[in-house]
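Please read the structure below before turning to the comments.
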Amino acid sequence: MKLIRVDYTFKKALLGQYLYILFLFIIAFFLLLICILLIQNIVSKRDEFIATQQEIEETERRIARVDSFKIISPNQIVAYNNMLTELIPESDTNLSVYFVLDSLAEKTNFELSNYRIRKSGEESETITFTVSGTGNEEEFLYFLENYRYITQRLITIQNINIDNSDTKEVEMELTLYTYKPGVSLTQRTDISQQDLGLLSFIEGTYFERSPIFTPTKLPEEEEKEQEATQPAEITISPPPQSTQEAPLRPTANPSIRPSITGSATPSGTLSPRIISPTPSPQLITPTPSPINTEVNDTTPTGQSPITTESVAPTKGG
Amino acid sequence: MKSHYINLFRKKNQAIIVSTGMRQTKKITLRVILLLLVIMVSMYGLRAWIQEQINTLERQKDLYATFIDNNKNIEKEIILLHKRKEYLKRVLKDDINFRPYYTILNGIVDQPEGATASNSSVIQNIEFSYDTSTTITFESANEESSWQLIRRLESSETIGQFDQLVINGIVYNGLQEDRYQLYAEGKLKNLTP
């Protein structure tokens, strides 16, 4: 008989250790799995952190923007916006050239005639036109100092040709502007003292007396007012009786139309009224009746004969 | 030849090797588990810290959002004001701003003290563009005043106000009366800041 001796120590050792190690392996595996999941989670949290941080930075920029304009009161910001919107409206037609020229001639006492629109279009931001002017030296200098803002429409001169004879005859290339700004929250904004000086100068010099200009209204108040009123129909109300309250700007308010004391011929020539060297309040003739405006569309360029009756805006009104 | 005996010494050696290997594996695995535990705890800590930071930022964001929400309208107004103001400034650069240049150009023919009208010069015509380039036609009553005008144009005071100044020519027109016309063109120094 053959005897076989079995090593129990070896088997026991192998079996016991094996299960124990397997158990440890499983634990290690789960721990590893948890670690991997945690790393993934941390990466996503980090992304979230960065995204939130960027949002905060963006918001801080926006707050800084509001803070940077703290040198002006909110009412003043709205006021300046209204003023600039009047100076550079969001849209316009060639017809406004006539109103602006009439107003410019009246307020500067510099006679303007023979306007010709050179360049304009629906998508263009500018209306460029040439115009001839006549007046004495004093009137011309007053015109030069005030033409930009005095009509409450921004006017620039690109070229000027002065012919010095007995009376000063000037041919100019003028431009009116329209601008419709979009609101982008990422837009960086700033305002310097120089900018404020410019805005303050324009407002103080040319916009103070206009009753249309309401610098103290906030948008919320305007919205409330709009809700309170009936916005569906535009009523043409008679102009104010007082000459001091007469609107300076021709096209600012659809309910108040200015007078055109000159007449535009179909050929595009403007025949302004007789201009006295000093502003004549007598020209203001408040009419109690609603304003009648007739525009004859016989000419395609919009420079049609116009008959308008209303209050004549005057300088210093 | 096949052996009929079991080598007990060899079996024992194998058992020792396997047993040692197992112990080593167990020890390494335990260390790995310990290391993973440490990493896991650290990760939890890191994650909690990031989460806390995010929460802080979120609270800050909410605070800012309230501020922004309260100032939404004024912010819009600010943006619009900024854009309109920038547009205004841009547009004003295209304006000739002729008033100061007009004074300068007139200053060229201003009468010096003691001068009489007979030996004076006047500006007949000015063409001026937004880029300050100008063309001027002077008219002088006689030859002497014409030379005086040239001397004034060539003076350092006048030249200092121009970037470029060229006298194109003098034309004598004696058909009706003695008239000297002097043509000049140039570019004035930009006075716009």
Side-chain angles (χ1 to χ4, degrees), chain A residues 5 7 9-10 13-14 17 20-21 24-25 27-28 31-32 34-35 38-39 41-42 45-46 48-49 52-53 55-56 59-60 62-63 65-66 69 74 77-78 80-81 84-85 87-88 144-145 148 154 156-164 177 179 181 183-184 187 189 191 195 199 219-220, chain B residues 6 8 11-12 14-15 18-19 22-23 25-26 29-30 32-33 36-37 39-40 43-44 46-47 50-51 53-54 57-58 60-61 64-65 67-68 71 73-85 87-89 91-92 94-96 98-99 102 122-130:
Chain A
R5 193 175 171 186
D7 189 352
T9 316
F10 174 70
L14 191 68
Q17 295 290 333
Y20 185 60
I21 287 171
L24 287 180
F25 272 18
I27 290 175
L31 283 176
L32 192 67
I34 290 168
C35 282
L38 270 175
I39 288 169
N41 191 254
I42 284 169
K45 286 281 174 193
R46 190 203 60 174
E48 190 185 335
F49 176 77
T52 315
Q53 210 167 26
E55 278 179 40
I56 293 274
T59 318
E60 278 174 346
R62 290 175 65 184
I63 289 170
R65 169 166 47 217
V66 177
F69 276 71
I77 291 170
V78 177
Y80 283 148
N81 250 329
L84 289 177
T85 311
L87 275 177
I88 310 167
L144 282 183
E145 282 165 4
R148 284 191 204 93
L154 180 68
T156 61
I157 300 178
Q158 271 67 52
N159 299 299
I160 193 164
N161 188 340
I162 304 168
D163 188 14
N164 268 337
Y177 297 87
Y179 177 58
V183 179
S184 163
Q187 170 82 40
T189 57
I191 191 156
D195 298 337
L199 294 173
E220 295 91 344
Chain B
I6 298 167
L8 293 175
K11 285 279 178 188
K12 192 172 184 182
Q14 274 183 346
V18 169
S19 176
M22 288 287 183
R23 271 201 301 275
T25 310
K26 194 172 70 182
T29 313
L30 278 170
V32 168
I33 287 170
L36 285 173
L37 272 173
I39 291 171
M40 198 181 74
M43 292 284 180
Y44 262 118
L46 184 64
R47 185 186 169 281
I50 293 174
Q51 187 61 52
Q53 294 296 315
I54 290 170
L57 288 180
E58 289 287 348
Q60 199 177 358
K61 199 172 85 175
Y64 286 172
F67 179 84
I68 289 291
N71 292 280
N73 286 329
I74 201 67
E75 189 192 13
K76 187 183 162 192
E77 289 287 328
I78 286 169
I79 294 167
L80 288 174
L81 175 62
H82 173 81
K83 285 195 162 183
R84 289 194 173 112
K85 175 206 68 173
Y87 185 78
L88 173 70
K89 283 163 70 179
V91 161
L92 286 178
D94 292 338
D95 184 49
I96 59 172
F98 186 56
R99 179 71 176 88
Y102 183 69
V122 292
I123 293 177
Q124 187 71 23
N125 186 276
I126 302 174
E127 280 180 44
F128 190 84
S129 297
Y130 69 95

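Quick note on labels: first sequence line is chain A, next is B, and so on, each numbered from 1.
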Could you tell me whether the side chain of [Y] reaches within less than 4.5 Å of the side chain of [X], counting heavy atoms only?
{"X": "A:Y80", "Y": "B:K85", "value": "no"}
{"X": "B:F128", "Y": "A:N159", "value": "no"}
{"X": "A:E60", "Y": "B:Q60", "value": "yes"}
{"X": "B:Y64", "Y": "A:I56", "value": "yes"}

Looking at [atom1] of [X] and [atom2] of [Y], how far apart are the two atoms once the value is rounded to the nearest 0.5 Å?
{"X": "B:S129", "Y": "A:N161", "atom1": "OG", "atom2": "CG", "value": "9.5 Å"}
{"X": "A:N41", "Y": "B:Q51", "atom1": "CG", "atom2": "CD", "value": "8.5 Å"}
{"X": "B:D95", "Y": "A:R148", "atom1": "CG", "atom2": "CZ", "value": "4.5 Å"}
{"X": "B:I33", "Y": "A:L31", "atom1": "CD1", "atom2": "CG", "value": "6.5 Å"}
{"X": "A:I42", "Y": "B:Y44", "atom1": "CD1", "atom2": "OH", "value": "10.0 Å"}
{"X": "A:Q158", "Y": "B:I96", "atom1": "CD", "atom2": "CD1", "value": "8.5 Å"}

I'd like to verify something: which residue of [options] has the highest number of heavy-atom pairs under 4.5 Å with chain A?
{"options": "B:L81, B:T25, B:L30", "value": "B:L81"}
{"options": "B:L37, B:V91, B:I39", "value": "B:V91"}
{"options": "B:V32, B:D94, B:V122", "value": "B:D94"}

Seminar exercise, completed: Honestly, the part of A:L32 sitting under 4.5 Å from a heavy atom of chain B is both
For this session: Pick one of side chain, backbone, both or neither for A:N81, based on which atoms fall under 4.5 Å of a heavy atom in chain B.
Result: both
Problem set entry | Any donor-acceptor pair under 3.5 Å from B:N71 side chain to A:V66 backbone |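 Answer holds: no.
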Exercise. Is it the case that B:N125 and A:N164 place a side-chain donor and acceptor less than 3.5 Å from each other?
Worked result: no
Exercise. Does atom NZ of B:K89 have more than 12 heavy-atom neighbours from other groups under 6.0 Å away?
Worked result: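 For B:K89, atom NZ is crowded (more than 12 foreign heavy atoms under 6.0 Å).
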Do you know the tightest heavy-atom contact between [X] and [Y]?
{"X": "A:L144", "Y": "B:R99", "answer": "CB-CD, 4.0 Å"}
{"X": "A:C35", "Y": "B:L36", "answer": "SG-O, 3.6 Å"}
{"X": "B:M43", "Y": "A:L38", "answer": "CB-CD1, 3.5 Å"}
{"X": "A:K45", "Y": "B:I54", "answer": "O-CD1, 3.3 Å"}

Part of [X] within contact of chain A (heavy atom distance under 4.5 Å):
{"X": "B:I68", "result": "side chain"}
{"X": "B:Y102", "result": "side chain"}
{"X": "B:F67", "result": "side chain"}

Name the member of [options] that forms the most heavy-atom pairs with chain B at distances under 4.5 Å.
{"options": "A:D195, A:V183, A:I34", "result": "A:D195"}
{"options": "A:L199, A:T52, A:I191", "result": "A:T52"}
{"options": "A:T59, A:L24, A:L84, A:I27", "result": "A:L24"}

Exercise. Can you say whether the rings of A:Y177 and B:Y87 are parallel (under 30°), tilted (30 to 60°) or perpendicular (over 60°)?
Worked result: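 A:Y177 vs B:Y87 ring planes: perpendicular.
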For this session: Would you please test B:R84 and A:T85 for side-chain contact (heavy atoms from CB on, under 4.5 Å) and show each step?
Result: CA-CA 8 Å; B:R84 289 194 173 112; A:T85 311; 3.3 Å; yes
For this session: Please test A:I160 against B:I126 for side-chain contact (heavy atoms from CB on, under 4.5 Å), starting from the C-alpha separation and ending with a verdict.
Result: CA-CA 8 Å; A:I160 193 164; B:I126 302 174; 5.8 Å; no
